[in-house]
Amino acid sequence: MVREHIHLKIKRQNDPQSQPYWEEFKVPYRPNQNVVSILMEIRKNPVNTKGQKVAPVVWECNCLEEVCGACTMLINGTPRQACSALIDKLPDGVIVLEPLTKFPVVRDLMVDRQFMFENLKKVKAWVETDGCFDLGRPPIMNERERQFAYELSRCMTCGCCLEACPNVNSKSPFMGAQALSQVTLFNMHPIGKMNREERLEAVMGRGGIVDCGNSQNCVRVCPKHIPLEKSLAQLNKETTLHGILGWLKK
Amino acid sequence: MAKQKVIVVGGGLSGLMATIKIVEQGIPVDLISLVPVKRSHSICAQGGINAALDTKGQNDSTWEHFYDTIYGGDFLANQPPVKAMCDAAPGIIHYMARAGVMFNRTPEGHLDLRLFGGVKKRRTAFAGATTGQQLLYACDEQVRRYEAKGLVTKYEGWEFLSAVIDENRICRGIVAQNLTTMEIRVFKGEAVLIATGGAGMIYGKSTNSTINTGSAASSIYQQGVPFANGEFVQIHPTGMIGDDKHRLMSEAARGEGGRIWTYKDGKPWYFLEEWYPAYGNTVPRDIAARAIYKVCVEMGLGIDGKNQVYLDLTHLDSKFLETRLGGILEIYQNFQGDDPKKVPMKIFPAIHYFMGGIHVDWKHRTEIPGLFASGECDYMYHGANRLGANSLLSALYSGTVVGPSIVEYLKNMDKTSLDVKSTVFESQLKLEEEKYRKICQMSGKENPYKLHEEMGDIMRENVGIVRYNKKLKETDEKLQEFMERYKNIGVSDNSQWTNQDIVFIRQLWNMMELARVITLGAYYRNESRGSHYKPEFDKRDDENWLKTTKAYWTEKGPRFEYEEVDISLVKPVPRVYDVDGRQGKKEAK
């Protein structure tokens, strides 16, 4: 069946303090549209289905090719990027857009995802370089290991894995797969692994790897198909070993 | 003297690299960015980064990299800075690999290299087909490390509005706006770096991100800094034409063996291979884009009668494609639906990169002391056409130049921004607050997004691959008409919280100012050089036009001056790709 209209139902909120409300929009159907292009269409003529002229919907977007992670939202209940949510592949009927629920709403579909970046600081997701000068050829790296590390390095901090995780919520300190998986990544890097212990210790306490319930929802929603289950399993092994060794040394 | 501070505007590769260089000297940085820096447009770069690492037994050299870059740029780039960039390139790659970039490796574990356009040797280091993302993430991580140490303060979700320039024409800080709270405030600093990228949004649809409006560059152009070579806009031959944006299919696809073809007389016709036997599918972008345009628009031989040809990878091994081009295969499949490993991709040229930009000297200083520019928003390294995989290099390299250049400037300063009269800051703040207030009150009939769409359509149509003076003139008149209509815009959102409408309206004006620079720059340049092609003047004219365009803002529109190009290292020769025409390949002994 071909749609005549693209019918959006959007959960809106004017600011962090106010109450959310629903608003609906209809845009004439054209092929090859995605959720971002429809939101762009709406702002050219921001009139809702009741015929009222309203403020254009606020949302974040940037690259429009699913590499920057900005336009992440709930689309028909699933966390994903709006740019790659092609209208022609969504089921017929009303398309429901909501802001992510694990992050504070700024306005409409825009949320504040700052705490993911803060978690990257907690786990020291970087290589301790001595300075940005040339020291000659970098250490060699096994291409097979490199391929796995590369998969992990494609995380765009979009927040889908946190949104889908039952253990990430306001009552739990669990940092979620996004930051944890970066520990696995940096512990694989030939220079990064020199600070392996510091990173492991950063994720051994509350909110760290032990709070993972292994529901594996993260892998199912990751738009980059990052093997998060393998990454977290490897991390689990490493922290356990590190814990035992630390205990033996006492 | 009080503690000095630097303001870096833009958190893409160049801004982050400069930040690292500056904080390594112990000088704190305020980093201003429209988006969380990890979402900057540098992530969209795919294919790789050039450096003559010479790890493939091909006797490559930095001299040859330099020569290819100058030749590829049709001799418009100043040569000494390009030479310095190519010499520094291997060291930059070495550092980035140390800092965590997961570059593809050879079976022995060394950095792997692949072929790119406009060159004969493997010179492009890469991390799958998401090299820009990987490089940006490594810089982001290093900057986060310094942020944790208190040396970097990030202001993400802030927009640069204008520079604060005192009565002696020295830059003392900036005025910026918080895009959530809409607060407008002054940031004082001893030096300001503008590293805000390209301006593809002027063309409506391009391969650029939505933040690439060129608004910051336009703003300092309107404050008196000249904009150089605006007419040189790269059109990437292999774009995926979309309704909302044109997505890039990396040149790496051709570098790894991809072939461009269409049907002629019922049979596949590999026109690039036929027309340019010396380079085949890996001709530079301007050449490939014009060829595809010719085949589709002039000869009417596009696939299915549309403006599109095939970019074909189906003859290549699928595991090979996954490890080397995975990122772009995924984009094509997600947005188009077909698997490029099985079905040839349909592509057409798309607006991609600004060779031109803010005029700077070789230390990336603008004409206003204290105000610097680097990255895509400067004009320095690519002449009339950029070679593939040189943009990530110039972004990073210019960061490594401007950082120390700023540190040097700071050392020689006699007073800090704190010694500057407070009225200097207050008056600029007032000006921006006033401008903002006026936009809030706009209540006309025009919709800013529709106006932007109209501007993009006409820019793509008339200031793209093929340019005619009549059309350029008409476009400039149209742009002035848009600027009149702009005054009749109506604001749809009257909230004082996260108002994206007002922000866009302000950016739109800045885009219009730069659109005129591009269009008139193209109109005056009566020759064909690199990406700038006029059928009425289809030869390069070194006698009259081997010079850099400099546009200065005036109330009546841009005023143009021209500047000699430094050609002290190699002599200009005709640029051809049907045979190997490079004459300075080997360094003169």
Side-chain angles (χ1 to χ4, degrees), chain A residues 14-15 30 32-34 36-37 40 43-46 53 55-56 58 60-70 83-84 86 106-107 110 113-114 117 120-121 124-129 131-143 146-147 149-150 153-154 156-157 186 189 191-192, chain B residues 17 20-21 24 35-36 38-39 41 43-44 90-92 94-95 97-100 102-111 127-128 130 133-134 137 141-142 144-145 147-148 180 209-211 242-245 247-248 323 327 331 334-335 400 447 449-450 453 492-495 497-498 500-501:
Chain A
N14 293 338
D15 55 58
R30 277 185 298 152
N32 303 322
Q33 299 293 305
N34 59 57
V36 166
S37 69
M40 285 176 169
R43 67 185 181 186
K44 288 182 201 158
N45 182 28
K53 198 165 185 311
V58 171
E60 281 183 280
C61 71
N62 194 23
C63 77
L64 309 188
E65 46 195 60
E66 208 193 63
V67 217
C68 80
C83 67
S84 56
L86 307 186
V106 176
R107 186 175 169 187
M110 182 175 172
R113 285 174 277 181
Q114 187 55 36
F117 298 112
L120 292 177
K121 280 185 208 160
K124 300 184 199 306
W126 51 66
V127 178
E128 289 281 342
T129 58
C132 63
F133 34 76
D134 183 15
L135 289 174
R137 284 195 184 174
I140 59 166
M141 189 171 181
N142 181 311
E143 171 63 12
R146 199 282 314 175
Q147 282 179 17
Y150 172 73
S153 73
R154 296 183 66 205
M156 53 189 184
T157 328
F186 283 95
H189 184 268
I191 300 171
Chain B
M17 192 68 201
I20 295 168
K21 277 281 178 193
E24 276 187 0
V35 294
K38 203 174 174 180
R39 307 198 197 286
H41 178 64
I43 50 161
C44 287
I92 289 173
H94 292 157
Y95 167 66
R98 276 165 48 219
M102 290 297 168
F103 286 113
N104 283 50
R105 302 291 182 132
T106 66
E108 293 179 41
H110 294 294
L111 298 172
T130 61
Q133 182 190 42
Q134 299 305 313
Y137 287 2
E141 288 144 11
Q142 292 299 312
R144 185 167 296 106
R145 191 174 136 222
E147 189 190 11
T180 302
S209 296
T210 57
I211 51 172
D243 232 16
D244 51 339
K245 99 166 267 187
R247 295 174 179 88
L248 175 67
T323 46
I331 291 175
N334 281 349
F335 288 93
T400 69
N447 176 289
Y449 301 102
K450 281 187 188 158
E453 193 176 25
S492 314
D493 187 356
N494 49 28
S495 168
W497 179 263
T498 325
Q500 298 178 329
D501 220 26

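First the proteins, then the strands, lettered A, B, ... as listed; each starts at 1.
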May I ask you to name which of [options] has the most heavy-atom pairs under 4.5 Å with chain B?
options: Asp15(A), Leu135(A), Leu86(A), Ile191(A); result: Leu135(A)
options: Asp134(A), Leu120(A), Asn142(A), Asn32(A); result: Asp134(A)
options: Ile140(A), Val36(A), Asn14(A); result: Ile140(A)

Nearest-0.5 Å distance, [atom1] of residue [X] to [atom2] of residue [Y]:
X: Arg39(B); Y: Asn62(A); atom1: CZ; atom2: CG; result: 9.0 Å
X: Lys44(A); Y: Tyr449(B); atom1: NZ; atom2: OH; result: 11.0 Å
X: Lys53(A); Y: Ser492(B); atom1: NZ; atom2: OG; result: 4.0 Å
X: Lys121(A); Y: Glu147(B); atom1: NZ; atom2: CD; result: 3.5 Å
X: Asn334(B); Y: Ser84(A); atom1: CG; atom2: OG; result: 6.0 Å

Is the shortest heavy-atom distance from the side chain of [X] to the side chain of [Y] under 4.5 Å?
X: Gln500(B); Y: Arg107(A); result: no
X: Asn447(B); Y: Asn45(A); result: no
X: Lys124(A); Y: Glu141(B); result: no
X: Cys132(A); Y: Gln142(B); result: no
X: Thr498(B); Y: Met110(A); result: yes
X: Glu143(A); Y: Pro107(B); result: no
X: Gln134(B); Y: Ser153(A); result: yes
X: Ile331(B); Y: Glu66(A); result: no

So what's closer than 4.5 Å to chain B heavy atoms on [X]: side chain, backbone, both or neither?
X: Met156(A); value: both
X: Ala125(A); value: backbone
X: Phe186(A); value: side chain
X: Gln114(A); value: side chain

Check whether the side chains of [X] and [Y] place a donor and an acceptor atom closer than 3.5 Å, and report yes or no.
X: Tyr150(A); Y: Thr130(B); answer: yes
X: Thr129(A); Y: Arg145(B); answer: yes
X: Asp244(B); Y: Asn34(A); answer: yes
X: Arg146(A); Y: Asn104(B); answer: yes

Legend entry - Top contributor to chain A interface from Leu248(B), Thr106(B), Ile20(B), Thr323(B) [non-hydrogen pairs under 4.5 Å]: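 Max contact count across the listed options: Thr323(B).
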Legend entry - Which portion of Glu453(B) sits near chain A, non-hydrogen atoms under 4.5 angstrom: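 Contact with chain A is through the side chain of Glu453(B) alone.
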Inset, instruction - Below 4.5 Å from any heavy atom of chain A, which atoms of Tyr137(B) appear? Answer side chain, backbone, both or neither. - result: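 For Tyr137(B), the contact with chain A is made by the side chain alone.
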Do side-chain atoms of [X] reach the backbone of [Y] as a donor and acceptor pair under 3.5 angstrom?
X: His189(A); Y: Ala97(B); result: yes
X: Trp497(B); Y: Val106(A); result: yes
X: Arg98(B); Y: Arg137(A); result: no

Legend entry - Residue that, paired with Met102(B), satisfies side-chain contact (heavy atoms from CB on, under 4.5 Å) out of Gln147(A), Arg154(A), Met141(A):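 Only match with Met102(B) under side-chain contact (heavy atoms from CB on, under 4.5 Å): Met141(A).
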